[in-house]
Amino acid sequence: MSEANWYVVHTYSGYENKVKANIEKTIENRNLGDQILEVIVPMQDVVEMKNGAKKQVSKKMFPGYVLINMILNDDTWYVVRNTRGVTGFVGPGSKPVPLTEAEMQPLGIKSEEVQIDVAVGDNIAVINGVWENTVGIVQSINENRQEVTINVDMFGRETPVKISFADIKKL
């Protein structure tokens, strides 16, 4: 199996988050999680002055573009290229060109992988993010996406939630 690289996809302006959601839904429906690893819309925090008050907001670093970490083959190319809102890959003609390490560094995208010592059934605590201070039992581990799935009690029901390796610690 070939190695995953980061590719840039051009989208209609304002459709970046919709494209991201559509690609992630297609990944789930077609079980392509081991081939399309991550889809991101790079954001940066900026301070704006409105009505004399400073306000911190997140803005898209590259409006009209989405970054995708994937193993390029006919299936993944077809899925991404035919996603609603995508106008094409960045590169000459129809051939996508992967980003180099030097191009990825200013974006803050880390290529190193986090190693964890947890197994299915282990108790973990979430130490960062939306689910911080949540404790759960590992239901599944996805090494490629660097995340675990735990069940969280939400509105009286067990709901599966994906948490990054970097945001957990073993109990």
Side-chain angles (χ1 to χ4, degrees), residues 1-48 56-116 118 120 126-132 138-150 160-168:
M1 186 155 88
S2 59
E3 187 179 321
N5 290 304
W6 285 95
Y7 295 91
V8 181
V9 174
H10 189 263
T11 68
Y12 294 129
S13 184
Y15 276 69
E16 301 88 350
N17 292 326
K18 289 178 187 159
V19 166
K20 177 182 183 211
N22 288 341
I23 291 173
E24 288 173 344
K25 194 65 165 167
T26 305
I27 291 168
E28 191 178 311
N29 292 342
R30 294 190 181 193
N31 295 322
L32 293 173
D34 57 337
Q35 294 177 43
I36 302 176
L37 308 176
E38 193 173 358
V39 182
I40 62 171
V41 177
M43 304 290 273
Q44 66 183 0
D45 291 331
V46 294
V47 176
E48 286 185 345
Q56 180 120 2
V57 295
S58 288
K59 289 201 169 194
K60 294 179 183 113
M61 290 175 74
F62 308 109
Y65 295 95
V66 174
L67 301 178
I68 302 176
N69 187 13
M70 67 180 194
I71 298 168
L72 186 65
N73 58 37
D74 290 342
D75 291 338
T76 57
W77 182 90
Y78 181 84
V79 164
V80 173
R81 184 64 186 87
N82 290 296
T83 299
R84 185 179 195 153
V86 171
T87 59
F89 281 94
V90 172
S94 63
K95 180 153 176 40
V97 177
L99 292 174
T100 64
E101 287 289 328
E103 292 170 325
M104 288 173 31
Q105 205 146 18
L107 302 176
I109 300 172
K110 300 170 193 73
S111 58
E112 79 259 3
E113 293 190 359
V114 177
Q115 296 296 322
I116 59 166
V118 297
V120 173
V126 181
I127 56 175
N128 274 332
V130 178
W131 299 101
E132 188 173 357
V138 176
Q139 302 299 316
S140 67
I141 301 172
N142 187 332
E143 294 282 341
N144 289 334
R145 295 185 72 119
Q146 295 274 297
E147 63 188 18
V148 297
T149 302
I150 63 171
V161 175
K162 295 180 187 322
I163 309 288
S164 170
F165 284 180
D167 296 337
I168 64 170

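Quantities reported herein were computed from a predicted structural model and do not represent experimental measurements.
Across every non-hydrogen atom of L37 and A4, the tightest pair is CD1-CB, 3.6 Å. S58 and D45 make their closest contact through OG-OD1, 2.7 Å (heavy atoms, listed as atom of the first residue, atom of the second, distance). Across all non-hydrogen atoms, the minimal contact from P92 to V97 is CD-CG2, 3.4 Å.
When atom types are taken as modelled, the side chain of E16 and the backbone of G14 share a donor-acceptor pair closer than 3.5 angstrom.
With sequence neighbours excluded, the residues forming a side chain to side chain donor-acceptor pair (under 3.5 Å) with T87 are H10, listed by chain and number. Residues satisfying the salt bridge (Lys or Arg N to Asp or Glu O under 4.0 Å) criterion with K162, sequence neighbours excluded, are absent altogether. Applying the ring pair (Phe, Tyr, Trp, His ring centres under 6.0 Å) rule to Y12 yields the partners Y15; only residues at least two apart in sequence or on another chain are considered. Residues passing the side chain to side chain donor-acceptor pair (under 3.5 Å) test with T76 are N73, sequence neighbours excluded. Residues passing the side chain to side chain donor-acceptor pair (under 3.5 Å) test with S13, sequence neighbours excluded: none. E132 meets the side-chain contact (heavy atoms from CB on, under 4.5 Å) test with no other residue; sequence neighbours excluded. In this structure, the side-chain contact (heavy atoms from CB on, under 4.5 Å) partners of V90, at least two apart in sequence or on a different chain, are V8, Y65. Remark: V86 engages V9, V19, T83 in a side-chain contact (heavy atoms from CB on, under 4.5 Å) (not counting sequence neighbours). Annotation: side-chain contact (heavy atoms from CB on, under 4.5 Å) contacts of S164 (sequence neighbours excluded): A166, D167. Applying the side chain to side chain donor-acceptor pair (under 3.5 Å) test to K18 and every residue at least two apart in sequence or in another chain returns nothing. Contacts of K25 classified as salt bridge (Lys or Arg N to Asp or Glu O under 4.0 Å), with partners at least two apart in sequence or in another chain: none.
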Exercise. Does the side chain to side chain contact (heavy atoms under 4.5 Å, CB included) test come out yes or no for V39 and I27, once each step is laid out?
Worked result: CA-CA 10 Å; V39 182; I27 291 168; 4.2 Å; yes
For this session: Verify side chain to side chain contact (heavy atoms under 4.5 Å, CB included) between W6 and E38, making sure each step is shown before the conclusion.
Result: CA-CA 9 Å; W6 285 95; E38 193 173 358; 3.6 Å; yes
For this session: Check the pair I36 / V79 against side chain to side chain contact (heavy atoms under 4.5 Å, CB included), numbers first and verdict last.
Result: CA-CA 10 Å; I36 302 176; V79 164; 4.3 Å; yes
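Annotation: the span from K60 atom NZ to Q44 atom CD amounts to 12.5 Å, rounded to 0.5 Å. Atoms CG and CD, from L32 and E24 in turn, are 13.0 Å apart once rounded to the nearest 0.5 Å. Here the CG-OG1 distance, from N5 to T100, works out to 10.5 Å after rounding to the nearest 0.5 Å.
Sorted pairs that involve residues 73-100 and meet salt bridge (charged side-chain N to carboxylate O under 4.0 Å, His left out), not counting sequence neighbours, are lacking altogether.
Counting only heavy atoms from C-beta outward, the side chains of Y7 and L99 never approach each other to under 4.5 Å. Between V80 and I68 there is a side-chain heavy-atom pair separated by less than 4.5 Å. Residues V57 and V46 form a side-chain contact, since some pair of their non-hydrogen atoms from C-beta on lies under 4.5 Å apart. Contact annotation: the side chain of I163 approaches that of I150 to within less than 4.5 Å [non-hydrogen atoms, C-beta and beyond]. Side-chain atoms of F62 and P42, non-hydrogen and from C-beta on, do get closer than 4.5 Å to each other. Residues V138 and T149 form no side-chain contact, since every pair of their non-hydrogen atoms from C-beta on lies 4.5 Å or further apart. A heavy-atom distance below 4.5 Å is not found between the side chains of M43 and K59.
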